Amino acid sequence: IGFCLNRFLLFMSQDEGEEERKVNYEHENSFRVAVRQYSEELKAEATLKNPQPQPQLEDKQECRKRGFYALPLDQVKCNNMVICMVGLPARGKTFIARRLMRYLNWMGVETKLSNLYLYRKTYVGSAPEPAWFGNPEERKTLLAHLLKDVTQWLGPADSGKVVIIDASNGSKVNREYLKAQLIGNPDEPVHVHPHHIFFLEAVCNSAERCQAQENNYIRHADDYENMSFEEAKEDFDARLEHSKQGYEPLEKSERPYFRIMYGKKPCVDRLETCGVSGYLPTRLTHMLMNIHLVPMNFFLITQTSNTIGSFLESGGLKHALEVAAESLPKEGPGTGATLEKDFVLWVPTTFTQIDQTAVPPGVVEIQKWKELTYGQPVDRQEAAWEASVLEPIMFELERVRFHVVVIAAPEVTSELHGYLAETDGPVTHEVGGPMHQLRPHGWGVQHTTHNLSA
């Protein structure tokens, strides 16, 4: 109304004199003041009817994570969210779930991963009959125990927590049971549900990729710890066949959901979203587009602008690359790395001594922070980093399909170590200390240190 009145008064005053323009301007100004006062009265009346707690300094401190604001304050106090994984065995569900948990916790969102396998191990055992995996009623019993612990951990509906339920959830019966327990009456409006629930389905459309994932699962699963590979393969194939018999893909009626599809390559071939909305789910969409299924190795070397020169002159970088190549696993996904093609080097922008002439031929590419952060200024690499600078680097950590060697200041390597190792904060690093190797996978994080001085 104010905008229309302003245009009208300007149009009417075109043919008027100076005095008339002053009068019209005063009328317009008084009208704007009246509209502003009326708007403030409406806000005050709404606040009295539905009072909202004002964020205090203590709330801001709770929202801080490793030195920066992770989320806007008005996004922190929101309804709890439950992400339920869906998919056949050995399709990367646990690997994806752990990476989502790592990213959300780093953002400052309190996130927990609840794995149905642990409940099966407790109540059924680690070696049930293959037919058990095709019985949705047996799984529903375990889901009841899991949901009891999940709802207790979530607490009030507006705690803003996230739980990722890592289970097959292949039958529609089990998914309807999850919805009934978590959101109550599905006919009620979404905003009155105690928890928001999303499904995340992992689909593999390549027989070659499925075979690689299954072999990797058999090598690492606790169920087959004391079995030969041939015996474990036979048992797993029987489990998979029973799981396929009762498997039902997600339908549009079960929205909101995500569906990740993998092809022959380990990166995301296609990402489908249905009914997904909101601040946090939108952030997760961007994250899911960067996820791949191959466990990579990250090597962290702590140096500063003053010590990097002597480190290069003494051949420290060449020795570090040789040690990194020697430490790579010899079987399973992500293996067979050679110094000729599988390493990428990340360095701060201020490390001007590092160029192609100073790096052995084993590095496929050198990337500096300015390139990784899309041109944002990060020359003060030894100071506390802001979220806007760090987040693109975290996305690059999830997307890169090379083994990464990072040379940076202690504050940087400590932050990256804390993120990759899924700790509550940065892990202390010292200049000139050992090289840290981290290999995240579906069952945790493998951490090894290498003494470069030797």
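Worth knowing before you read on, the calculation uses all heavy atoms, side chains too, and leaves out hydrogens, waters and symmetry mates. Just so you know, these numbers come straight off a predicted model, no measurement behind them.
In this structure, the side chain to side chain donor-acceptor pair (under 3.5 Å) partners of Gln211, at least two apart in sequence or on a different chain, are Asn215. Qualifying salt bridge (Lys or Arg N to Asp or Glu O under 4.0 Å) partners for Arg120, counting only residues two or more places apart in sequence or in other chains: Asp223. With sequence neighbours left out, the salt bridge (Lys or Arg N to Asp or Glu O under 4.0 Å) criterion links Arg139 to no other residue.
A donor and an acceptor atom, one from each side chain of Gln437 and His450, are located under 3.5 Å apart. Between the side chains of Glu248 and Ser171, not a single donor N or O lies within less than 3.5 Å of an accepting N or O. Side-chain atoms of Thr413 and His429 include a donor-acceptor pair closer than 3.5 Å. Asp149 and Tyr119 share a side-chain donor-acceptor pair at under 3.5 Å. Side-chain contact, Tyr224 with Asp235: a donor N or O sits under 3.5 Å from an acceptor N or O.
Annotation: Glu234, atom CD; neighbour count of heavy atoms from other residues, nucleotides and ligands within 6.0 Å does not exceed 12.
Residues Arg219 and Glu214 are not paired through a salt bridge, judged by the lack of any N-O separation under 4.0 Å between the basic side chain and the carboxylate. Under a 4.0 Å N-O distance rule, the pair Glu396/Arg399 qualifies as a salt bridge. Comment: Arg259 engages Glu201 in a salt bridge, judged by a side-chain N to carboxylate O separation of less than 4.0 angstrom. Electrostatic pairing of Glu254 and Lys179 does not count as a salt bridge here, judged by no charged N lying under 4.0 Å from a carboxylate O.
Using cut-offs of 30° and 60° on the angle between ring planes, the pair Trp106 and Tyr419 is perpendicular.
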